[in-house]
Every structure is written in structure tokens, then in C-alpha cells.
S.K.: 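Please see the structure below; I have some questions.
We count ligands from 1, going down the list as the structure has it; atoms in each ligand are counted the same way.
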Amino acid sequence: MKNIVILISGSGSNMAAIARAAQKEGWQDSLGVRVAAVVSNKPDAPGLALAKDQGMPTEVLPHKSFESRDAFDTALMARIDRHAPQLVVLAGFMRILTPAFVQHYAGRLINIHPSLLPAFTGLNTHQRAIDAGCRVAGATVHQVTAELDHGACLAQAVVPVLPGDTAAALAARVLTQEHLIYPRAVRAFFERAA
Ligand code: GAR
């Protein structure tokens, strides 16, 4: 069995979309792939309950219990590696990762970012797209490299920016597309590897 470990910090809707696709499309039987664990750095992340509802094992590793970024990432690697994952999926995992972490999972670490990369790396992507007068916005699934929100693009979705859009309205429009492209990109990763 090939294992996926999903890392979350918040609502976990992308995680849930991946789990739904895995279930609906029978990834376990067709690809030999399963979500082995969902790990949150926040004990109160709403996504933890969602993961439990969908029958996924959850773990919490609070970053606040660690003195440094290095110490947290080292502990996180140990947690993740218990599952010997083929793929580590960042799904709203709001932590900057150390180069050692990224190096350790080189080629098997992917992220979704709510912009059309390379535009708008970092935070507040939707407001920044509106402020810049962009006519389109979107989301990108990409390989994770040591540089924040860089790395080869695996999938993108484009949505219009509408007149009078608020950041929240645009974020919601983008998120519905994230839920389509992220499961597809995960599936494609394993189909390529097969
Ligand atoms: C998503 O919009 C994701 O693209 C974004 O956080 C949200 C998480 O939602 N990620 C980042 O901003 C990473 N830099 P979710 O917890 O419901 O999947």
C-alpha cells in the first residue's frame, strides 16, 4: 500500500476533497493508495474533526510546543516518516518549512496555493489580486522547493475576478476549483509513478 500523509492547519476542505475523491474513485483498489494520516500543527483545527468523520487517522503536533522551527520540523519529519509516505500533501498547512524538511521530501512534497503562481506568493493573495486589477485569479498545485511558493507547477485553475469582488467572495470561488484540481493532481502523481 502506498501512503499519503496530509498536513493541515485549518478547515481542511482540500484534505476532505482529496479523501472524497480517494473514496469515490476507489484509489485503494485501483492505485494501491490510501491516506495514512492527517497531521495538524494546530490542536483546534476544524479539519481534524472532518478527517475523523471521513475515517482518517489524525495526529496533532503543536508547533508551539517546540523552541525552534528546526526542532518542530525534525519532530514533524519523524511523525510523518512512521507512515513511510510516497507523498506528503500540504493542504492549508500554514507553516514555513525548513530547507532540511523540504530536502528530505524532495520530489514527494506538494502544496496548493491560492493564486496563479508565480504571481502572488505568500499571504493575502485574493486581496492583492483584486488590488492589482487582475481580471483572473486562481490556484496552483506545485512541487515544494526550499523557496516559498515556488517549484514546478502540477495543476492550475483559473476563475474570473468579478466587478465588486471582495477577497472573501474571490477566495470562495477559487476554493471550489481547488477542490477539483488538488485531488486530480494527487491522483496524477500516483498514475505517473505507477
Ligand atoms: C486554501 O485556499 C489553500 O490554497 C490555502 O489555504 C486554504 C486552506 O483551506 N493555502 C495557502 O494559503 C498556503 N500558502 P482548507 O484548509 O479548507 O483546505
Side-chain angles (χ1 to χ4, degrees), residues 4-23 35 37-54 56 58-63 69 72-73 76 87-98 101-102 105 109-132 134 136-161 165-187 189:
I4 300 173
V5 172
I6 304 182
L7 306 186
I8 65 168
S9 300
S11 54
S13 70
N14 277 293
M15 167 215 74
I18 292 166
R20 267 198 310 276
Q23 181 79 35
V35 178
V38 172
V39 183
S40 173
N41 65 309
K42 295 216 169 160
D44 57 353
L48 286 168
L50 204 55
K52 281 184 198 136
D53 286 349
Q54 287 180 302
M56 290 180 282
T58 59
E59 300 177 28
V60 176
L61 189 69
H63 65 274
R69 195 176 288 285
F72 173 70
D73 276 13
L76 183 58
L87 183 65
V88 177
V89 171
L90 306 179
F93 187 64
M94 304 305 276
R95 297 276 310 166
I96 290 174
L97 300 165
T98 56
F101 185 99
V102 172
Y105 297 107
L109 179 61
I110 65 175
N111 180 45
I112 191 159
H113 182 75
S115 79
L116 294 171
L117 291 174
F120 307 120
T121 60
L123 298 174
N124 298 320
T125 53
H126 306 297
Q127 190 59 54
R128 286 160 63 209
I130 291 168
D131 292 346
C134 294
V136 294
T140 305
V141 179
H142 64 98
Q143 296 270 8
V144 176
T145 58
E147 200 178 344
L148 182 72
D149 299 331
H150 282 67
C153 168
L154 300 173
Q156 282 185 312
V158 180
V159 303
V161 179
D165 249 350
T166 59
L170 180 55
R173 192 174 310 123
V174 170
L175 194 60
T176 61
Q177 296 303 308
E178 294 185 38
H179 297 163
L180 299 177
I181 63 170
Y182 213 1
R184 254 186 241 148
V186 171
R187 187 190 167 122
F189 177 93

S.K.: If we only count heavy atoms from C-beta on, is the V5 to L7 side-chain gap below 4.5 Å?
M.R.: yes
S.K.: Judged by atom type as modelled, is there a donor-acceptor pair below 3.5 Å linking the side chain of T140 to the main-chain atoms of L117?
M.R.: yes
S.K.: So, the side chain of R20 versus the backbone of P183: is there a donor-acceptor pair under 3.5 Å, distance only?
M.R.: no
S.K.: Mark yes or no for whether S9, through its side chain, and M94, through its backbone, hold a donor-acceptor pair below 3.5 Å.
M.R.: yes
S.K.: What's the shortest heavy-atom distance between M15 and G47, and which atoms?
M.R.: CE-O, 3.6 Å
S.K.: Between the side chains of H150 and T121, is a donor N or O closer than 3.5 angstrom to an acceptor N or O?
M.R.: no
S.K.: Students should find this: residues with any non-hydrogen atom under 4.0 Å from ligand 1. What is the answer?
M.R.: S11, G12, S13, N14, G92, M94, I112, H113, P114, L175, E178
